[in-house]
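So the structure is just underneath, and the comments pick up after that.
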Amino acid sequence: MLDMKWIRENPDAVKENIRKKFQDEKLPLVDQLLILDEENRRSITEASELRAQRNTLSKQVGMLMGQAKKDPSKLEEAEAVKAKVKANADQLAELEKREGELEEEIHHILMVIPNIIDPSVPIGPDDSANVEKERFGEPLVPEFEIPYHTEIMERFHGIDMDAAGRVAGNGFYYLVGDIARLHEGVLAYARDFMIGKGFTYCIPPFMIRRNVVEGVMSQTEMDAMMYKIEGEDLYLIGTSEHSMIGRFIDQILPEDSLPQTLTSYSPCFRKEKGAHGLEERGVYRIHQFEKQEMIVVCKPEESMGWYEKMWRFSVELFRSLDIPVRQLECCSGDLADLKVKSCDIEAWSPRQKKYFEVCSCANMGDAQARRLKIRVKGADGKNYLPHTLNNTVVAPPRMLIAFLENNLEADGSVRIPAALRPYMGGAGVITPKR
RNA sequence: GGAGAUGUCGCGUAGCUGGUCGAGCGCGCACGAUUGGAAAUCGUGUAUACCCCAAAAGGGUAUCGAGAGUUCGAAUCUCUCCAUCUCCGCCA
């Protein structure tokens with residue numbers, strides 16, 4: 001979400017940015033917005049004047065009423081003034097209604113106009129134009145065949161999709177034994193990894209109210225993702241970012257509390273409506289998963305520095321688990337409207353012989369803060385908008401796919417990298433059941 | 001979940017028989033005076049958003065948990081919601 005004032009002064013830059021994002025259909029919105037803004041400001045001025053009039057007249061009534069206690073003839077005068085105010089009431093009501101409409105229309109358009117992308121973002125229409133920036137670790141393909149991830153899990157008696165289907169339906173899973181432990185081990189390791197980087201561990205609410213949901217996503221996104229609790233004003237979060245960033249809505253933060261570097265854990269619930277459905281077998285795309293996330297709220301001038309650090313944390317973590325990864329930068333057309341710059345960390349799949357997304361790191365600039373009215377009280381006493389960023393640390397069980405495929409041995413056992421051993425009871429390897 | 005109480009400008013409070021209350025007082029904070037320096041004292045100031053104004057100065061509107069209503073006019077009255085506290089119930 002951009003600043004209306006800024007758009008007013010830089011409509012061409014806004015249009016240029018829309019073109020760069022291949023959203024030409026939104027170009028007319030800019031001029032439309034400028035017209036609406038003009039009208040809105042006119043009606044605000046007009047309505048303010050009417051209110052000012054009403055306020056002074058009402059004060060007169062008060063005075064007259066006071067005098068009327070001594071001099072009853074003043075009562076008539078007071079009634080006359082009252083009538084005068086009433087006469088203007090309709091006009092004001094109408095203006096107020098129009099004001100409301102205009103504001104809504106403007107807000108609606110502002111939500112749709114994309115954030116100004118960073119000059120470094122590669123230009124391209126869609127995800128096919130995303131750019132591989134760097135690889136970390138050798139993407140090896142072993143001699144032996146790597147089975148599908150659920151098959152690896154089954155060898156450990158580690159997954160029961162059939163029962164999950166009967167109990168909860170498609171898109172759910174039972175993780176069992178070593179695989180379940182591995183799942184939690186990865187989360188615990190990721191948590192400690194981030195704490196080691198100076199982040200503050202945080203467990204947020206897993207359900208949030210509608211007004212918070214509306215703050216953090218659009219209606220369309222909401223319909224496609226969020227589960228609602230029947231009979232309550234509560235929704236299951238799709239990621240901890242929802243409740244984490246919700247924590248700051250409408251708040252004015254003291255400057256010395258920045259940067260806020262948080263790492264949050266939560267289960268995530270997603271309908272995945274309209275996505276690729278749940279066609280992908282296994283635990284790649286599911287209704288429920290768990291995630292360790294990183295969230296940063298910082299001064300504007302520091303956000304790019306944090307962005308670099310954050311995606312590198314993901315790389316470091318995956319490398320410490322012997323998983324080859326690459327950084328894939330989102331091109332302009334694939335960048336979500338709120339984001340200034342973002343990249344995915346993709347893990348190597350020796351089975352598919354390609355990389356697949358495991359982390360998504362984004363710098364939102366001040367757009368999210370503006371939308372949610374998150375402000376910082378500066379040293380000079382003035383408030384300003386901070387920048388917000390987020391990135392995945394790990395999101396198992398999807399992350400387990402990368403882990404199992406890359407650490408599988410020819411004999412069917414799975415190596416446990418040194419970093420993870422403390423979370424697996426010290427084991428250096430886990431072996432299949434049969 | 002049941003009963004009661006409460007929610008005011010950073011904090012603590014006054015106001016809550018509707019007008020002179022955007023809001024008094026104390027603390028805190030900032031600046032100034034005083035001082036060799038400090039403490040103390042005195043003085044001044046101390047929210048957010050938006051609109052008008054080229055800008056500054058200045059002016060205006062809105063905000064007393066949130067929303068709606070009554071009224072010429074609401075911090076003050078009514079309703080709904082939210083939160084907090086106390087007691088009871090129920091559970092990890």
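Convention: sequence-line order gives letters A, B, ...; per-chain numbering from 1. In what follows, every heavy atom counts, from backbone to side chain, and hydrogens, waters and symmetry copies are set aside.
- For the C1' atom pair drawn from B:A66 and B:G7, the interatomic distance equals 12 Å after rounding to whole Å.
- Counting any heavy atom pair closer than 4.0 Å across all strands shown, A:Asn55 reaches sugar-phosphate atoms only and no base atom.
- At whole-Å resolution of the value, CD in A:Glu49 and C1' in B:G60 are 8 Å apart.
- B:G32 and B:A49 have their P atoms separated by 26 Å, given to the nearest Å.
- Going from atom CG of A:Asp233 over to atom P of B:C82 covers 8 Å, rounded to whole Å.
- A 3.5 Å limit on both hydrogen-bonding distances identifies B:G4 as the Watson-Crick or G-U partner of B:C85.
- The interatomic distance linking A:Gln251 (CD) with B:G65 (P) rounds to 16 Å, in whole Å.
- To the nearest angstrom, P of B:G60 lies 15 Å from CZ of A:Arg51.
- Pair assignment for B:G10 gives B:C27, based on Watson-Crick or G-U wobble hydrogen-bonding distances that are each under 3.5 Å.
- Using the Watson-Crick or G-U wobble rule with both distances under 3.5 Å, B:A92 pairs with nothing in any strand shown.
- B:A66 is paired with B:U80 under the criterion used here, namely a Watson-Crick or G-U wobble arrangement in which both key atom distances are under 3.5 Å.
- Rounded to a whole angstrom, the distance from the P atom of B:C82 to that of B:G67 is 15 Å.
- In this structure, A:Asn211 places its CG atom 10 Å from C1' of B:C82, rounding to the nearest Å.
- With a cut-off of 3.5 Å on both Watson-Crick or G-U wobble distances, the partner of B:G58 is given as B:C52.
- The separation of B:G28 from B:U35, taken at their C1' atoms, amounts to 24 Å, rounded to a whole angstrom.
- Comparing the C1' positions of B:C16 and B:U8 gives a spacing of 10 Å, expressed to the nearest Å.
- For B:G18 and B:U76, the C1' atoms lie 6 Å apart once the distance is rounded to whole Å.
- Between A:Lys59 and the phosphate of B:C72, there is no side-chain N or O to OP1/OP2 separation shorter than 4.0 Å.
- The partner of B:C16, taking Watson-Crick or G-U wobble pairs whose two distances both stay under 3.5 Å, does not exist in any strand shown.
- Going from the C1' atom of B:C21 to that of B:A5 covers 26 Å, rounded to whole Å.
- Taking a cutoff of 4.0 Å between a charged side-chain nitrogen and a carboxylate oxygen, A:Lys341 and A:Glu329 qualify as a salt bridge.
- Taking the charged nitrogens against the carboxylate oxygens, A:Arg42 and A:Glu39 have no contact shorter than 4.0 Å, which rules out a salt bridge.
- Across B:A23 and B:G59, the matching P atoms stand 13 Å from one another, rounded to whole Å.
- Within the nucleic acid shown, A:Ile44 comes within 4.0 Å of sugar-phosphate atoms alone, with no base atom in reach, counting heavy atoms only.
- Taking atom CG on A:Leu234 and atom C1' on B:C82, their separation rounds to 13 Å, with Å as the unit.
- Using a 4.0 Å heavy-atom criterion, one finds that A:Arg8 contacts the sugar-phosphate atoms exclusively.
- Salt bridge absent: A:Asp223 and A:Lys271 never bring a charged side-chain N and a carboxylate O closer than 4.0 Å.
- Rounded to an integer number of Å, the gap from CG of A:Leu92 to C1' of B:A62 is 12 Å.
- When rounded to the nearest whole Å, the span between CD1 of A:Ile249 and P of B:A66 equals 16 Å.
- Each of B:G19, B:A49, B:A62 was ranked by its minimum atom distance to the side chain of A:Arg54; first place goes to B:A62.
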Open item on the list: Evaluate A:Glu94 against A:Lys97 for salt bridge (charged side-chain N to carboxylate O under 4.0 Å, His left out), listing each step before the verdict.
Closed with: CA-CA 5 Å; A:Glu94 209 168 296; A:Lys97 192 175 147 227; over 6 Å; no
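- A salt bridge links A:Lys291 to A:Glu293: at least one charged side-chain nitrogen sits closer than 4.0 Å to a carboxylate oxygen.
- The side chain of A:Arg209 has B:C82 as its nearest neighbour among B:C82, B:U20, B:A62.
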